[in-house]
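Okay, so here's the structure we're looking at.
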Amino acid sequence: MDKLSTESYKGVRDFYPEDKFIQKYIFDKMRQVVEAFGYEEYDASILEPTDLYRAKTGEEIINEQTYSFTDRGDRDVTLRPEMTPSLARMIAKQKRELAFPLRWYSIVNNFRYERPQKGRLREFWQLNVDMFGVEGIEAEIEAITIAYKIMRSLKAQETDFELRVNDRNSVNSFLNSLNLDEDKKYKITKIFDKKNKITKPEFEDQIKETLGDGAKEFFNKLKELEVCPEKVSKLIEELKKNNIVNIKFDPFLMRGLDYYTGIVFEVFDTDPENNRSMFGGGRYDNLLDIFGEEKIPAFGFGMGDVTAFEFLKSRNLLPEYKPETDLYLCIIDEKFKGFTDELAQTLRDEKINVAVDYSYKKIGDQIKKANKKKIPFAICVGENEERKGEFMLKRLSDGREFEANEAEIPNTIKLLKIKCAK
RNA sequence: GCGGCCAUGGUGUAAUGGUAACACUAGGGUUUGUGGAUCCCUCAAUCCGAGUUCAAUUCUCGGUGGCCGCCCCA
């Protein structure tokens with residue numbers, strides 16, 4: 001028989017327990033922060049009708065960069081490449097039932113069909129944070145504050161990252177003042193988008209190449225664009241009141257295309273070796289149009305797990321693996337299995353997570369397993385324990401043993417764990 | 001979608017146009033109620049397919065996969 005390959009499908013991800021532990025750590029921090037701001041979790045199916053994405057952009061993204069197929073009933077379906085259209089669909093559907101302002105979040109995986117590369121795989125997990133129904137700058141302030149607090153709760157220092165803000169409207173009015181055709185406008189926004197990746201002469205050359213004679217006017221007017229718009233300066237001022245100071249205006253920040261209608265922001269890694277955008281978002285007031293619904297103002301951002309992971313890794317901020325299991329019970333002889341199981345169940349009722357070793361191997365081997373699994377405590381159960389009801393609770397980190405009877409074990413473990421955490 | 005580099009046990013590395021080696025890991029023992037030590041033993045690999053050749057893991061081509069750029073970026 002041919003052996004089946006152990007490779008996973010190209011570009012998707014396996015999470016071994018130690019990987020999942022890290023991912024969970026990151027998501028738990030995100031969750032704590034957004035829930036502190038009153039956001040409610042929602043979810044949707046990973047499969048959506050393909051039209052949902054066509055309607056939004058209608059671009060080649062849908063044709064070439066999604067997992068789309070026809071189901072057995074001849075319906076076109078797509079594995080979600082992002083969460084926002086599903087979110088917009090859900091909100092449009094139940095608009096009248098919902099109490100605005102609405103604060104929703106989700107942490108889900110998404111799929112895109114493209115060549116995997118650094119930090120971009122075919123499967124990625126993402127936190128989505130969105131607020132609907134707030135037209136004013138309060139939405140911007142809150143979302144950016146949340147982004148900042150997530151970074152801080154992941155133990156990032158203020159010097160480790162930087163927030164950059166722009167107003168798409170000011171870019172648009174700048175481009176309109178140059179009287180460019182749509183194609184040129186589009187190309188200029190592309191050049192803006194990658195400005196921080198290229199040198200200044202490269203930037204200037206690309207502008208000249210695109211605009212030809214018009215380049216002169218462009219550079220003359222460029223100063224106008226570089227003046228911080230009132231809306232942006234007000235936003236920055238408000239955020240500084242919240243002690244968020246690692247923030248600045250970036251007149252070239254674009255973040256994608258037509259999708260955004262106002263303020264956009266991004267969080268940058270300040271590492272000079274890796275000075276790239278980690279995540280961001282912006283205002284999108286028109287997204288419900290496609291459902292024939294009236295506008296609802298919206299502001300949101302998305303944050304992927306891979307960039308967060310790589311950031312934490314580069315700053316040495318990844319947590320050390322600790323299993324959820326508190327205690328490993330080693331059975332000295334098979335005849336004490338029943339007694340051990342009862343002990344395990346009693347302890348579980350006291351909220352101690354207990355795993356029992358049913359290998360019936362030598363006791364030393366069982367202790368080794370507990371150690372390898374990084375479980376903090378072990379107890380060996382045999383004749384003495386059954387007779388006396390006294391146990392030696394062994395702390396694997398240093399081998400110290402603590403005597404306890406059955407009733408005392410839970411609290412002993414809890415106390416020792418608290419000490420360890422400090 | 002385009003280009004560059006790469007592909008050997010579970011992991012990390014050797015080597016060779018002719019017997020694929022080492023370390024770690026895993027399993028077993030050294031030790032019959034307490035781990036991280038020592039020593040011994042065992043399991044386990046040349047990505048897939050075709051071509052050149054007496055002989056290919058090695059050379060050539062194709063595929064697949066990985067890494068890195070470009071395009072794109074939700």
Side-chain angles (χ1 to χ4, degrees), chain A residues 2-3 5-12 14 16 48 52-53 56-67 78-88 108-128 130 186 189-190 193-194 197-198 254-260 264 266 276-282 284 287 300-304 306-307 328-333 336 357 359-387 391-401:
Chain A
D2 284 347
K3 280 188 228 160
S5 170
T6 54
E7 289 300 312
S8 59
Y9 172 71
K10 182 185 174 83
V12 304
D14 287 335
Y16 287 84
E48 288 279 6
L52 180 65
Y53 305 107
K56 191 196 137 206
T57 53
E59 284 181 55
E60 65 184 343
I61 286 176
I62 301 313
N63 299 327
E64 291 173 13
Q65 300 199 354
T66 58
Y67 279 92
T78 294
L79 240 46
R80 69 171 164 234
E82 58 163 325
M83 198 59 179
T84 309
S86 302
L87 171 65
V108 296
N109 57 347
N110 305 288
F111 292 84
R112 57 189 157 207
Y113 191 87
E114 64 176 349
R115 195 95 170 234
Q117 53 179 294
K118 189 182 180 107
R120 297 185 72 198
L121 298 170
R122 287 182 164 188
E123 177 187 2
F124 61 102
W125 290 70
Q126 198 172 56
L127 165 74
N128 301 276
D130 294 273
Y186 173 83
T189 61
K190 290 280 109 187
D193 205 22
K194 62 181 173 188
K197 284 188 195 167
I198 58 181
M254 294 306 299
R255 235 191 126 61
L257 308 174
D258 330 319
Y259 187 85
Y260 292 106
V264 290
E266 283 192 351
R276 64 170 176 175
S277 166
M278 292 191 287
F279 67 97
Y284 54 99
L287 200 62
F301 70 91
M303 182 174 182
V306 178
T307 40
Y328 200 67
L329 293 183
C330 308
I331 305 178
I332 280 157
D333 188 284
F336 302 109
D357 188 321
S359 68
Y360 307 116
K361 285 187 189 160
K362 283 182 309 186
I363 208 70
D365 288 339
Q366 297 188 48
I367 298 266
K368 270 190 206 168
K369 297 285 178 205
N371 191 54
K372 173 135 196 183
K373 291 174 196 288
K374 300 188 178 165
I375 295 169
F377 299 99
I379 290 176
C380 299
V381 183
E383 197 180 339
N384 296 342
E385 286 74 14
E386 187 178 46
R387 209 176 50 225
F391 300 90
M392 297 306 289
L393 176 69
K394 190 182 186 82
R395 181 162 67 188
L396 277 298
S397 58
D398 59 3
R400 274 191 65 186
E401 293 192 302

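So that the names make sense, note that chain A is the first sequence line, chain B the second, and so on, each numbered from 1.
A donor-acceptor contact under 3.5 Å is not formed by the side chain of A/Q126 with the base of B/A74. A donor N or O paired with an acceptor N or O is not found under 3.5 Å between the base of B/C73 and the side-chain atoms of A/R112. The base of B/G33 lies outside donor-acceptor range of the side chain of A/Q366, with no N or O pair under 3.5 Å.
Across every non-hydrogen atom of A/Y53 and A/S86, the tightest pair is OH-OG, 4.1 Å. The minimum heavy-atom distance linking A/L121 with A/R112 is given by the pair O-NE, 3.2 Å.
In terms of phosphate contacts, A/K194 brings no side-chain nitrogen or oxygen within less than 4.0 Å of OP1 or OP2 of B/C73. Contact annotation: A/K361 side-chain N/O to B/G28 OP1/OP2 distance is under 4.0 Å.
A/G302 comes within contact range of no nucleotide atom at all, as no heavy-atom separation falls under 4.0 Å. Using a 4.0 Å heavy-atom cutoff across all strands shown, A/E401 reaches at least one base atom of the nucleic acid.
Counting only Watson-Crick or G-U wobble pairs whose defining distances are both under 3.5 Å, the stems of 3 or more consecutive pairs in RNA chain B are B:1-7 with B:64-70, B:10-13 with B:21-24, B:26-29 with B:39-42, B:47-51 with B:59-63.
The stretch residues 367-374 of chain A touches RNA chain B through A/I367, A/K368, A/K369, A/N371, A/K372, each having a heavy atom within less than 4.0 Å of the strand.
Because its NZ or CZ atom is both nearer than 6.0 Å to the ring centre of A/Y113 and within 45° of the ring axis, A/R122 counts as a cation-pi partner of that residue.
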Pairs: protein N or O with nucleotides 66-68 of chain B N or O, under 3.5 Å:
| unit_1 | atom_1 | unit_2 | atom_2 | d |
| --- | --- | --- | --- | --- |
| B/G66 | OP1 | A/G11 | N | 3.4 |
| B/G66 | OP2 | A/K10 | NZ | 3.0 |
| B/C68 | OP2 | A/K118 | N | 2.9 |

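Rounded to the nearest Å, the gap between the C1' atom of B/C68 and that of B/U13 is 22 Å.
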